2 protein chains.
Amino acid sequence: MTTTEPTRCNLTALRKATRRVSQLYDALLAPSGLRGTQRGILVHVARSGAPTMSELAAALVLDRTALNHNLKPLQRDGLVTVTVDKDDRRSRLVRLTKRGEARLAETRTAWQQAQERFETAFGAKQAADLRQTLELVASLEFGEAPVPSRALK
Amino acid sequence: MTTTEPTRCNLTALRKATRRVSQLYDALLAPSGLRGTQRGILVHVARSGAPTMSELAAALVLDRTALNHNLKPLQRDGLVTVTVDKDDRRSRLVRLTKRGEARLAETRTAWQQAQERFETAFGAKQAADLRQTLELVASLEFGEAPVPSRALK
DNA sequence: CCCAAATACGTGCATATGCATCTATTGCAA
DNA sequence: TTGCAATAGATGCATATGCACGTATTTGGG
């Protein structure tokens with residue numbers, strides 16, 4: 001074990017933990033052809049039915065333009081479709097295809113193995129507590145940030 | 001507040017929280033020309049003196065090839081140097097330059113503001129607890145993963 | 001002494017992410 | 001009815017990340 005000085009930076013601590021866990025999940029998911037992040041998108045779309053890009057981005061705490069980028073390989077591989085919302089033609093609806101549903105089903109076992117591997121090492125109760133804490137962090141509003149042009153417009 | 005179903009996936013929960021906190025730190029650090037991730041690298045190099053690429057990657061829980069990529073803009077901007085280790089010419093040593101030290105000093109105030117903003121919203125005690133938990137997660141060893149070729153070689 | 005295995009990197013490729021800036025569409029006040 | 005502000009995306013650019021595969025160097029057994 002490397003005896004490193006404890007991390008003082010909240011962001012650095014989050015990124016280190018996320019990389020560690022990404023490495024585990026992506027290794028186990030690799031045979032399915034999906035990454036952990038891609039699976040997360042598909043799961044949310046499956047649960048929501050046909051969310052708009054904005055809804056999906058908000059739910060995943062993703063920048064909308066980043067979501068657009070992330071959806072490209074999923075569209076290319078025929079796992080999702082992105083279509084214009086007839087009620088509001090500014091909006092786009094994201095839907096899972098049959099192929100996407102099948103792929104998602106295929107990954108369930110590998111995902112469960114990753115969850116079990118993590119929770120065996122870390123503790124199931126601690127893992128549930130951590131998820132709850134992280135959801136809280138993800139939903140924090142930090143008051144007025146310095147003017148991101150998007151927020152002000 | 002979006003009433004979303006709680007996240008079951010440990011990785012998805014980590015990524016959402018990390019994105020949220022990245023957005024805060026990067027917004028506050030932006031005027032300094034550094035991102036939160038870059039600052040994290042510089043801080044560790046500053047503390048370690050002249051770590052090897054492998055040491056630095058391990059400390060940051062980064063793939064070594066990813067670290068190589070991440071160092072490129074820092075080298076381009078003259079904030080770090082990467083030189084051959086005379087004792088073992090396979091290894092490379094990463095050092096901060098004077099310019100890098102100055103840049104790091106310049107970011108301290110913005111970084112402290114980001115820390116304060118986060119800890120005001122989340123709680124200072126909770127933030128310290130979370131960092132400790134995340135360090136634990138980052139240091140987890142998950143036993144035998146399915147054969148990453150690097151690990152076996 | 002030699003050579004193969006091991007170690008420590010670098011590059012390429014592809015995904016992950018977010019800001020700046022643009023276009024298209026909607027809603028509402030004048 | 002019109003026009004402007006607001007909204008919802010798309011693209012480009014650059015950084016963040018990790019695997020596959022390559023080169024360079026070291027180590028130690030035969």
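Every value quoted in this text rests on a predicted model; they were computed, and no experiment measured them.
To the nearest angstrom, C1' of C:dC13 lies 14 Å from CG of B:D63. One interatomic measurement links the two molecules: NZ of A:K16 to P of D:dA16, which rounds to 17 Å at whole-angstrom precision. Distance A:R92 CZ to C:dT26 P: 11 Å, rounded to the nearest Å. Rounded to whole Å, atom P of D:dA8 lies 14 Å from atom CG of A:L56.
The stretch residues 115-135 of chain B participates, sequence neighbours left out, in these ring pair (Phe, Tyr, Trp, His ring centres under 6.0 Å) pairs: B:F118-B:F122.
Residue B:R20 is the one, among A:K86 and B:R20, whose nearest nucleotide of DNA chain C lies closer to the 5' end (criterion: closest heavy atom).
With C:dA16, D:dT17, C:dC9 as the choices, the nucleotide that has an atom nearest any side-chain atom of B:R64 turns out to be C:dC9. Among the nucleotides C:dA8, D:dG18, C:dT26, the one closest to the side chain of B:L62 is D:dG18. Nearest to the side-chain atoms of B:T65 among the listed nucleotides D:dC19, C:dC19, D:dT17 stands D:dC19. Taking only side-chain atoms of B:R90, from C-beta outward, the nucleotide of C:dT15, C:dA8, C:dT26 with the closest atom is C:dA8.
Across B:R35, B:Q115, B:R39, a single residue satisfies side-chain hydrogen bond (donor to acceptor under 3.5 Å, both in side chains) together with B:Y25, and that is B:Q115.
Within 4.0 Å of B:D85, counting heavy atoms only, lies no atom of the nucleic acid at all. A:D88 comes within 4.0 angstrom of sugar-phosphate atoms only, judged by non-hydrogen atoms across all strands, and of no base.
Here A:R89 does not reach the OP1 or OP2 of C:dG27: none of its side-chain N or O atoms lies under 4.0 Å away. An OP1 or OP2 oxygen of C:dT15 is reached within less than 4.0 angstrom by no side-chain nitrogen or oxygen of A:Q38. Phosphate contact (OP1/OP2 of D:dT15, side-chain N/O of B:R76, threshold under 4.0 Å): present. A sub-4.0 Å separation between OP1 or OP2 of C:dT11 and a side-chain N or O of B:K72 is present. In this model, the phosphate group of C:dT15 is not approached by any side-chain N or O of A:R35 to a distance below 4.0 Å at OP1 or OP2. Taking 4.0 angstrom as the limit, A:N70 places a side-chain polar atom (N or O) nearer than this to OP1 or OP2 of C:dT17. Contact between the side-chain N/O atoms of A:S91 and the OP1/OP2 oxygens of D:dA8 is not found at any separation under 4.0 Å. Contact between the side-chain N/O atoms of B:S54 and the OP1/OP2 oxygens of C:dA8 is not found at any separation under 4.0 Å.
Summarising the local packing, CD of B:E106 is surrounded by more than 12 heavy atoms from other residues, nucleotides or ligands at distances under 6.0 Å.
The closest side-chain donor-acceptor pair between A:T52 and A:S91, if any, does not fall under 3.5 angstrom.
Between the side chain of B:R19 and the backbone N or O of A:L60 there is at least one donor-acceptor pair closer than 3.5 Å.
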